[in-house]
Protein chains: 2
Amino acid sequence: MNDLQMRLSDTLGRGGWLDAGEAGGRTRDWLDRFGEMPLGIARPASTEEVAAIVAACAEAGVPVVPQGGNTGLCGAAVAGQAGAVILTLERMTKVGAADADAGCIEVEAGAVLSDLHSALGATGLIFPLHLGAEGSARIGGLIGTNAGGSHAARYGMMQDLVIGLEAVLADGSVWSGLRAVQKDNAGYQLRKLFCGAEGTLGIVTKAVLRLHPAPARTEAALLALPNAASLIAFGTALRREAGEFVTGLEFFCETGMELVRRHVSGLDLPLESRAPFYLLVELTCGSEKVPLSEILEAALEGGMEAGHVTDGALAMSEAQRAHFWRLREEQPEGQRLEGKQLKHDISVPPGRLAAFLEEAEGICEAALPGVRINPFGHLGDGNVHYNLSPPEGSNDFGDTAQRLGEEIGALAERMGGSFAAEHGLGRSKIALADRLRSETERRAMARIKAALDPEGLMNPGVIVPGDG
Amino acid sequence: MNDLQMRLSDTLGRGGWLDAGEAGGRTRDWLDRFGEMPLGIARPASTEEVAAIVAACAEAGVPVVPQGGNTGLCGAAVAGQAGAVILTLERMTKVGAADADAGCIEVEAGAVLSDLHSALGATGLIFPLHLGAEGSARIGGLIGTNAGGSHAARYGMMQDLVIGLEAVLADGSVWSGLRAVQKDNAGYQLRKLFCGAEGTLGIVTKAVLRLHPAPARTEAALLALPNAASLIAFGTALRREAGEFVTGLEFFCETGMELVRRHVSGLDLPLESRAPFYLLVELTCGSEKVPLSEILEAALEGGMEAGHVTDGALAMSEAQRAHFWRLREEQPEGQRLEGKQLKHDISVPPGRLAAFLEEAEGICEAALPGVRINPFGHLGDGNVHYNLSPPEGSNDFGDTAQRLGEEIGALAERMGGSFAAEHGLGRSKIALADRLRSETERRAMARIKAALDPEGLMNPGVIVPGDG
């Protein structure tokens, strides 16, 4: 043990410090692309312990990498260089009592999202962020990556749901901004700046999150649509007719449905006909007085009359609704089991979706003829997971990965969207950011980083290129 | 004319530069508390001209103060030191075409809020920010102060409504972040950081704003309530029953009603009985199928049965609804016409409202017995405009203003709220911020300021104390 290891081990006590050999799955990222061997894993149990670790590492000049559930997709939660300290929030999991009058709750950064959902159980309140990894993702990681998910168009991303924050800054000082009000204009919006900062400005230890009333009613449908233009038109019409109630508006396509049928058992399509696109619509509302099924049925009829919807099924039970969601949520799993894949998490203004898919297909065909394109995602906010499998019969992408990533990302940018929609930059997209974003933008970010972390020890190499 | 004046005058052409003598009402703030004599007023007509002005001022070492409608309440839009250049966005007022599919619109920073509302007219879309000054407030100023207003609990503040941004940075470079997507996690959320930065990090020139579907139905009621605890309880119950539809939840009190009756004509209370508190409830929804009046009436009946509501009137016409809103919106005017006043724009978690009012009354009585307390504001987000008039028969506050501001602000902070809720810090609350916020928080803000404006020329003395 070196001096820092001794000091951290002493500070954290039994079970609080793990040497690299005991680190288990904590040293490599979820997609197994990143992660150098750390000095060890710090497992603080309090804000004070987080502050002590950061101060000790600052003194020793050793980088600190915060880690939540370690299921992020951009490689931000593992060490970019050997010898860094990984600081996991996994022992800071307290969930406070929900405040129904203020519509908020205080939680520690290590609380798992699904545990927060469960804790709210019968309170009549919900925390409305949902995503595939909710059983492992922790609040601090969701804040660090400014998570979005499937309900973001209605309820917002993490930056919209965080109203108060506590964080340990680079020098080990504790910033306490645990206020419980939406309206706090006393200076720069630090609470928002930390959302999406991926641990590069400090380590989030606690947050006050907005809650919403729990829905009293839920209606869901699975629809078949002939093309992307119909997706757009139907989505726009639905927002106009039922804007307050649209909780889920998730699309996937026949290519992905085929992969799911091939690899995931029990996932048949509950529609009579196949179609190029499928759309999961979920409406929820808080009042028993709203005729929600009538509103949904009228929207579907309108969609059918206009030719945008060619087939559809209403969920007649909770099991059916869950089945619809699984069809959408198993899309990544179906593709993963098919073999090698390239993932692109992009966003475009929803009205540009059809144009994006057409132009992106041209890019893919030019780079790798026959490549299988499987776009799925969140229609409401234009977030497309534009994922690729190699041509049928092949199992790799040759040397096309970088070119595809750049050209697809650049296309999204040209259309007024983003090459990094909801997964973040982390270590995986930092080079892409350098090519796709302006010098002015990158410089402003580097200056903010240097201002709050002058020694460059907070998760270096993430968001802003490090020196090393 | 000095060299800089000549250069700016040449750059901007006819009507683009006003010497201080021609500045009209642009040199003093709305409340006539701030504003040193500027070098002159620059009136750029394009982003390029804004960039040229900022670059020229940077070269000359002259501060630049951006100005929108100049109706802000914290003194951020006028010169803090003589000889600064005021840069008004009043000639950059373009409003783009609404994008119904993406639910957004691009506007120039000088567009007046009510002009944006009008431009959306028959599009079926709304920009849901509303506040008293909407006929003069410009988009850039609303972004700079992170405006909230009366619909913020449902639709958010400016930081929730800005998805894309263009700004001129301190060195005259243009940051173009005019993307039209909610999900953009490619680095720090600069678009959010500029919301509430009050021109201290750069000058916002354009923005992409989120739009929402226009409501098809509106129902409003004015209620009488016996105490603040009933306000809280009724508000919580209403959100549970009708959460999606609560657009307005505005309270005021008998003291304020009396001032309005005294000074503003035609504003009688349309209720049979008087009460300590009044609450304006407005529900809106996008679907004709929602029985909105039935939902509102059921909520009122529930409130009456529980004893939280003692009297109420439903708006039976658009004129009546407008009358209800005027009763609330003329509260500041009634008080202004009564004579001297002290304004405190604070927020507390809504459940703490009763406790706040009780403790704050104790503070006021101790400082100045008989002072007339007139709290009104936004129940949904706990934003209280805690305004004071001198004791009946007196016309000043003696030397109690600073003590009251500090003690009331500190009370809000202790309760998990903010001493600066929606008006911002500007020049008026910067000393208060120094006393009420932690050293860690103030230092983080100063570092961000220095990082993006190393010469300290962007609206110096606002948010972060200047050198001078």
Side-chain angles (χ1 to χ4, degrees), chain A residues 99-102 124 146 148 159-160 173 175 179-190 192-193 196-197 213 232 236 239-244 285-287 289-291 294-295 347 349-351 381-383 416-422 424-425 433 440-441 444-445 447-448 451-452 463, chain B residues 99-102 124 146 148 159-160 173 175 179-190 192-193 196-197 213 232 236 239-244 285-287 289-291 294-295 347 349-351 381-383 416-422 424-425 433 440-441 444-445 447-448 451-452 463:
Chain A
D99 179 338
D101 294 317
N146 190 25
Q159 66 190 353
D160 305 299
S173 62
W175 168 54
R179 300 169 197 114
V181 286
Q182 176 188 20
K183 287 184 175 168
D184 174 21
N185 276 353
Y188 303 133
Q189 295 292 323
L190 299 180
K192 307 295 178 184
L193 182 61
I232 299 168
T236 301
R239 273 196 300 275
R240 200 167 47 228
E241 296 298 317
E244 284 95 353
C285 81
S287 169
K289 295 189 167 62
V290 172
E294 191 187 314
I295 290 172
S347 61
D381 48 42
N383 182 190
S418 176
F419 69 94
E422 63 174 4
L425 287 186
T440 303
E441 180 161 331
M445 289 184 191
R447 286 183 175 179
I448 291 168
L452 294 185
I463 291 191
Chain B
D99 179 339
D101 294 319
N146 189 26
Q159 66 190 355
D160 305 299
S173 63
W175 169 53
R179 301 169 196 115
V181 285
Q182 177 189 19
K183 286 183 175 169
D184 175 22
N185 276 352
Y188 303 133
Q189 296 291 323
L190 298 180
K192 306 295 179 186
L193 182 61
I232 298 167
T236 301
R239 273 196 302 277
R240 200 168 47 227
E241 295 298 316
E244 284 95 353
C285 81
S287 169
K289 294 189 170 60
V290 172
E294 191 187 316
I295 290 171
S347 61
D381 48 43
N383 181 189
S418 176
F419 69 93
E422 65 173 3
L425 286 187
T440 303
E441 180 161 332
M445 290 185 189
R447 286 183 176 178
I448 290 169
L452 294 185
I463 292 191

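Labels below follow one simple rule: chain letters A, B, ... track the order of the sequence lines, proteins then strands, and each chain is numbered from 1. All of these numbers come straight from a predicted model, not from anything done at the bench.
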Novice: Quick check for you: to the nearest 0.5 Å, what is the distance between Asn146(B) atom CG and Asn185(A) atom CG?
Specialist: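 These two atoms lie 4.5 Å from each other.
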Novice: Using the side chain to side chain contact (heavy atoms under 4.5 Å, CB included) rule, take Glu241(B) and Ser287(A) through it: C-alpha gap first, then chi angles, then the decisive distance, then the call.
Specialist: CA-CA 5 Å; Glu241(B) 295 298 316; Ser287(A) 169; 5.5 Å; no
Novice: What part of Arg239(B) gets closer than 4.5 Å to chain A, counting heavy atoms only: side chain, backbone, both or neither?
Specialist: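 For Arg239(B), backbone and side chain are both near chain A.
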Novice: Does any heavy atom of chain A fall under 4.5 Å from the side chain of Gln182(B), the backbone, both, or neither of them?
Specialist: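 Both the backbone and the side chain of Gln182(B) come within 4.5 Å of chain A.
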Novice: Between Leu452(B), Thr440(B), Asp184(B), which residue shows the highest count of heavy-atom pairs closer than 4.5 Å to chain A?
Specialist: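 Heavy-atom pair counts peak at Asp184(B).
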Novice: How long is the gap from OG on Ser347(A) to CG on Asn383(A), to the nearest 0.5 Å?
Specialist: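 It is 6.0 Å, given to the nearest 0.5 Å.
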Novice: Between Asp101(A) and Thr236(B), is any side-chain donor less than 3.5 angstrom from a side-chain acceptor?
Specialist: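 A donor-acceptor contact under 3.5 Å links the two side chains.
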Novice: Contact part of Ile463(B) toward chain A, heavy-atom cut-off under 4.5 Å: side chain, backbone, both or neither?
Specialist: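 For Ile463(B), the contact with chain A is made by the side chain alone.
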Novice: Could you tell me which of Gly124(A), Ala421(A), Gly187(A), Ala420(A) has the largest number of non-hydrogen atom pairs under 4.5 Å with chain B?
Specialist: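 Looking at each option in turn, the highest pair count goes to Ala421(A).
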Novice: What part of Phe419(B) is in contact with chain A, defined as an atom under 4.5 angstrom from a non-hydrogen atom: side chain, backbone, both or neither?
Specialist: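 Looking at Phe419(B), just its side chain touches chain A.
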Novice: Most heavy-atom pairs under 4.5 angstrom with chain B, which of Gly351(A), Gly417(A), Gly416(A)?
Specialist: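 Of the candidates given, the most pairs with chain B belong to Gly416(A).
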Novice: Chain A heavy atoms under 4.5 Å from Pro349(B): which part of the residue, side chain, backbone, both or neither?
Specialist: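 When you check distances to chain A, atoms from both the backbone and side chain of Pro349(B) fall under 4.5 Å.
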Novice: Of the backbone (N, CA, C, O) and the side chain (C-beta and beyond), which part of Pro213(A) lies under 4.5 Å from a heavy atom of chain B, both, or neither?
Specialist: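 Only the side chain of Pro213(A) comes within 4.5 Å of chain B.
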Novice: Between Gly243(A), Gly382(A), Ser418(A), who has the most heavy-atom pairs with chain B when the cutoff is under 4.5 Å?
Specialist: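 Most pairs with chain B among the choices: Ser418(A).
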Novice: Between Leu190(B) and chain A, which part of the residue has a heavy atom less than 4.5 Å away: side chain, backbone, both or neither?
Specialist: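 Looking at Leu190(B), just its side chain touches chain A.
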Novice: Identify whether the distance between the nearest side-chain nitrogen and carboxylate oxygen of Glu441(B) and Arg179(A) falls below 4.0 Å.
Specialist: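 Counted as a salt bridge, because a side-chain N and a carboxylate O are separated by less than 4.0 Å.
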Novice: Can you say whether Ala433(A) sits under 4.5 Å from chain B via the side chain, the backbone, both, or neither, judging by heavy atoms?
Specialist: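 Answer is neither: Ala433(A) stays 4.5 Å or more from chain B.
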Novice: As an exercise, state the distance from CD of Gln189(A) to CE of Met445(B), rounded to the nearest 0.5 Å.
Specialist: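 With rounding to 0.5 Å, CD (Gln189(A)) is 8.0 Å from CE (Met445(B)).
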Novice: Select, from Ala242(A), Ser173(A), Gly196(A), the one with the greatest count of heavy-atom pairs under 4.5 Å involving chain B.
Specialist: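 The option with the most such pairs is Ser173(A).
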Novice: To the nearest 0.5 Å, what is the distance between CD (Glu422(B)) and CG (Asp381(B))?
Specialist: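 Interatomic distance, Glu422(B) CD to Asp381(B) CG, rounded to 0.5 Å: 7.0 Å.
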Novice: To the nearest 0.5 Å, what is the distance between CZ on Arg447(A) and CD1 on Ile448(B)?
Specialist: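 Rounded to the nearest 0.5 Å, the CZ-CD1 separation comes to 14.0 Å.
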Novice: State, to 0.1 Å, how close Lys289(B) and Pro291(A) come at their nearest heavy-atom pair, and which atoms those are.
Specialist: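 Residues Lys289(B) and Pro291(A), closest heavy atoms: O-CG, 3.3 Å.
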Novice: What part of Ala444(B) gets closer than 4.5 Å to chain A, counting heavy atoms only: side chain, backbone, both or neither?
Specialist: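 The answer is both parts of Ala444(B).
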